[in-house]
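Notes follow once the structure below has been shown.
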Amino acid sequence: MALEWEQIIVDSSDPIALGRWWAEALGWVVVDESEEIIEIRPEPDRMPGLLFVPVPEGKTSKNRLHPDFRPDDQEAEVARLLSLGARRADTVQNEQHWVTLLDPEGNEFCVLGERKS
């Protein structure tokens, strides 16, 4: 039996706005959109993607799953994401090699520093 990773579902209070934010942040494309859902992928035929769906309740605690990204230039990427509307998380990050940010709905993600050899 083989499994193909199709997508990750992201619960959201405003799926369209959050999906568009992530599409811009990642440089991905919208492959499906209705009044309530939006799906984005790296390219139209490339998976996995992210599917943003509405939920009535808001986020109440730390996510149990979050993405990590490793850019070429951590400082520049953090600045770019902050300019798009991300916020810094209220976590102590002394001597850590990553920066924890929050998307517009408060979902955590990390921007990693240079890979250690």
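One-based numbering along the sequence shown.
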Non-hydrogen atoms of E36 and P54 that approach each other most closely:
O-CD, 3.2 Å
Do V10 and V53 touch side chain to side chain, with heavy atoms closer than 4.5 Å?
no
In this structure, would I38 and L26 fall into the same cluster of hydrophobic residues linked by side-chain contacts under 4.5 Å?
yes
Taking side chain as C-beta onward, heavy atoms only, is L82 less than 4.5 Å from R88?
yes
Pairwise side-chain contact, E6 with P48, heavy-atom cut-off 4.5 Å (strictly under)
no
Around atom CG of D72, are there more than 12 heavy atoms from other residues, nucleotides or ligands closer than 6.0 Å?
no
Here the gap from E105 atom CD to D14 atom CG, rounded to the nearest 0.5 Å, amounts to 6.5 Å
Tell me whether V78 shares a hydrophobic cluster with L102, the cluster being built from Ile, Leu, Val, Met, Phe, Trp, Tyr side chains joined at under 4.5 Å.
no
Separation between CD1 of I9 and CZ of F52, rounded to the nearest 0.5 Å
10.0 Å
Side chain proximity check, L112 to H97, heavy atoms < 4.5 angstrom
no
Please determine whether side-chain contact (heavy atoms from CB on, under 4.5 Å) holds for the pair F109 and V111, giving the CA-CA distance in whole Å, both sets of side-chain angles, and the decisive distance to 0.1 Å.
CA-CA 7 Å; F109 64 99; V111 181; 4.2 Å; yes
To the nearest 0.5 angstrom, please state how far the CG atom of L50 sits from the CD atom of E39.
8.5 Å
Donor-acceptor pairs are to be reported for all side-chain atoms of residues 15-24 against protein atoms at under 3.5 Å, with residues two or more places apart or in another chain.
{"residue": "R20", "atom": "NH2", "partner": "E33", "partner atom": "OE2", "Å": "2.5"}
{"residue": "W21", "atom": "NE1", "partner": "L84", "partner atom": "O", "Å": "2.8"}
{"residue": "W22", "atom": "NE1", "partner": "D103", "partner atom": "OD2", "Å": "2.9"}

Which atom of G85 lies closest to which atom of P104, heavy atoms considered
O-CG, 4.3 Å
Heavy atoms only: give me the nearest V31-P44 pair and the separation to one decimal.
CG1-CA, 3.7 Å
Of the non-hydrogen atoms in R70 and E114, which two are nearest, and what is the gap between them?
NH1-C, 3.7 Å
Looking at R80 and A25, would you say the former's side chain and the latter's main chain have a donor-acceptor pair under 3.5 Å?
yes
SB check E43 R41 (cutoff 4.0 Å)
no
Rounded to the nearest 0.5 Å, what separates atom NE2 in H66 from atom OG1 in T100?
6.5 Å
Honestly curious: do M47 and I8 fall in one hydrophobic cluster under the side-chain, below-4.5 Å linking rule?
no
State, to 0.1 Å, how close K62 and K59 come at their nearest heavy-atom pair, and which atoms those are.
CA-NZ, 4.0 Å
For L51 versus Q7, what's the shortest heavy-atom pair and its separation?
CD2-NE2, 3.6 Å
Check whether any side-chain heavy atom of V29 sits under 4.5 Å from a side-chain heavy atom of I40, and report yes or no.
no
CD (Q74) and CZ (F69) are apart, to the nearest 0.5 Å, by 13.5 Å
